Amino acid sequence: MTTERRAPLDRGRVADTALKLLNEVGLEGLTLRAIARELDVKAPALYWHFKDKQALLDEMATEMLRRMAAEFADHVDVAPQEWRQGFFRMMSGLREHLLRYRDGAKVYAGTRFTDMSYAEPMEAGLGLLTRAGFTPAAAARAWFTAYSYTIGYVIEEQSMGPDPATGPGGYDLRARAERLAGRPLAAQAGHEMFQHHDAGFAAGLHAVIAGVEATLLTEPG
């Protein structure tokens with residue numbers, strides 16, 4: 001009689017299980033107890049690896065970054081005069097990866113990475129901008145501005161729906177317009193803000209890139 005051996009419990013296995021469970025229950029439903037149940041262990045066993053939920057979220061965000069980091073190099077391998085296209089693809093790639101997880105942007109925002117996985121993609125992005133003529137300080141500001149826009153957009157996108165990770169749903173624009181009767185501009189704005197997320201993100205990101213170019217680029221490529 002043979003007994004199936006279970007994979008040893010380590011940080012990587014816990015984080016991977018947590019990311020899979022995240023798509024089922026969302027961030028609010030993701031508890032250490034639920035993860036332990038999924039792993040068929042007792043909850044205290046997880047505390048050997050993570051002191052609390054925030055420590056686990058930090059590792060989850062780091063694992064998300066590890067999975068997307070390999071693609072960043074492809075986006076920055078462009079001529080200096082094509083920095084706008086490369087920068088656009090980098091931030092679009094970040095959004096694409098965050099959307100693979102329910103509440104992915106909320107997990108990613110405000111966490112502290114647990115290793116140096118972030119360093120290479122960040123260096124590549126800053127290098128793209130400095131080669132285009134940004135000073136190191138201006139490149140850092142341009143990067144952080146576009147990065148913050150991307151994460152913030154996805155947080156709103158996933159909160160309002162429809163969420164690509166979980167299927168149909170979304171904001172009831174008709175009900176919103178009825179509540180805003182007498183305020184036509186605010187009512188109409190809902191159609192721009194809460195649907196066609198791909199086009200909306202692209203339009204906003206192009207505006208961000210144009211803005212950092214106009215205010216931060218000192219030596220146009």
Side-chain angles (χ1 to χ4, degrees), residues 3-72 90-122 144 146-172 175-176 193-195 197-198 200-201:
T3 302
E4 183 180 351
R5 293 189 62 184
R6 192 165 54 188
L9 191 64
D10 56 25
R11 290 174 62 89
R13 185 175 168 218
V14 175
D16 183 62
T17 300
L19 285 170
K20 292 176 182 176
L21 189 60
L22 179 67
N23 278 348
E24 299 177 19
V25 301
L27 183 56
E28 289 189 7
L30 187 70
T31 63
L32 291 175
R33 185 178 299 277
I35 297 166
R37 187 164 53 246
E38 193 74 12
L39 289 164
D40 194 24
V41 299
K42 300 296 185 181
L46 302 186
Y47 289 98
W48 284 101
H49 304 283
F50 302 100
K51 63 179 182 179
D52 52 29
K53 183 176 179 179
Q54 184 57 54
L56 174 59
L57 293 176
D58 290 345
E59 183 62 29
M60 290 167 64
T62 305
E63 177 59 25
M64 291 164 66
L65 179 59
R66 293 186 194 112
R67 295 177 184 183
M68 73 175 81
E71 298 179 15
F72 273 65
M90 288 192 77
M91 294 304 158
S92 296
L94 173 58
R95 172 178 175 260
E96 177 187 334
H97 278 274
L98 294 176
L99 287 174
R100 293 178 184 176
Y101 309 93
R102 181 176 173 183
D103 295 328
K106 287 182 179 179
V107 171
Y108 200 78
T111 51
R112 298 188 176 188
F113 297 124
T114 60
D115 63 23
M116 297 292 288
S117 299
Y118 68 89
E120 196 62 35
M122 186 175 186
F144 192 66
Y147 178 85
S148 300
Y149 163 75
T150 301
I151 294 176
Y153 189 97
V154 180
I155 287 176
E156 291 297 326
E157 179 179 8
Q158 292 185 315
S159 297
M160 294 295 182
D163 181 352
T166 57
Y171 209 47
D172 188 337
R176 180 182 183 277
M193 295 187 296
F194 303 129
Q195 61 181 358
H197 296 306
D198 290 346
F201 173 79

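Please read all numbers here as calculations on a predicted model, not as lab measurements.
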So, for [X] and [Y], which heavy atoms are closest and what is the spacing to 0.1 Å?
{"X": "H197", "Y": "Y153", "value": "O-OH, 2.9 Å"}
{"X": "I155", "Y": "A109", "value": "CD1-CB, 4.1 Å"}
{"X": "A18", "Y": "I35", "value": "CB-CD1, 3.7 Å"}
{"X": "D115", "Y": "S117", "value": "OD1-OG, 2.6 Å"}

Calculate, to the nearest 0.5 Å, the distance between atoms [atom1] and [atom2] belonging to [X] and [Y] respectively.
{"X": "R33", "Y": "K42", "atom1": "CZ", "atom2": "NZ", "value": "9.5 Å"}
{"X": "R100", "Y": "L98", "atom1": "CZ", "atom2": "CG", "value": "10.0 Å"}
{"X": "N23", "Y": "R102", "atom1": "CG", "atom2": "CZ", "value": "8.0 Å"}
{"X": "L21", "Y": "L30", "atom1": "CG", "atom2": "CG", "value": "5.5 Å"}
{"X": "M64", "Y": "L94", "atom1": "CE", "atom2": "CG", "value": "8.5 Å"}
{"X": "F50", "Y": "L32", "atom1": "CZ", "atom2": "CG", "value": "9.0 Å"}

Check: Hey, mind stepping through R176 and D172 against salt bridge (charged side-chain N to carboxylate O under 4.0 Å, His left out) and telling me if it holds?
Finding: CA-CA 6 Å; R176 180 182 183 277; D172 188 337; over 6 Å; no
Going by heavy atoms in the side chains, are [X] and [Y] under 4.5 Å from each other?
{"X": "M68", "Y": "P121", "result": "no"}
{"X": "E63", "Y": "D16", "result": "no"}
{"X": "V154", "Y": "Y108", "result": "no"}

Note to self: Using the side chain to side chain donor-acceptor pair (under 3.5 Å) criterion, which residues pair with T17? Sequence neighbours excluded.
What the structure shows: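 T17 satisfies side chain to side chain donor-acceptor pair (under 3.5 Å) with no other residue.
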Next item on the list: Verify, without hydrogens or angle tests, whether Q158 (side chain) and Y101 (backbone) share a donor-acceptor contact under 3.5 angstrom.
Entry: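 Checking the backbone N and O of Y101 against the side chain of Q158, a donor-acceptor pair under 3.5 Å is found.
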Notebook entry, point to check: Think R95 forms a cation-pi with F201, using NZ or CZ under 6.0 Å from the six-ring centre and within 45 degrees of its axis?
Noted result: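 Positive - R95 is close enough to the ring of F201 and near enough to its axis.
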Distance-only donor-acceptor pairs under 3.5 Å for side chains of residues 55-62, two or more places apart:
{"residue": "D58", "atom": "OD1", "partner": "Q54", "partner atom": "NE2", "Å": "3.0"}
{"residue": "D58", "atom": "OD1", "partner": "R112", "partner atom": "N", "Å": "3.1"}
{"residue": "E59", "atom": "OE1", "partner": "R11", "partner atom": "NH2", "Å": "2.9"}
{"residue": "E59", "atom": "OE1", "partner": "T114", "partner atom": "OG1", "Å": "2.7"}
{"residue": "E59", "atom": "OE2", "partner": "R66", "partner atom": "NH1", "Å": "3.2"}
{"residue": "E59", "atom": "OE2", "partner": "R66", "partner atom": "NH2", "Å": "3.1"}
{"residue": "T62", "atom": "OG1", "partner": "D58", "partner atom": "O", "Å": "2.8"}
{"residue": "T62", "atom": "OG1", "partner": "T114", "partner atom": "N", "Å": "2.9"}
{"residue": "T62", "atom": "OG1", "partner": "T114", "partner atom": "OG1", "Å": "3.4"}

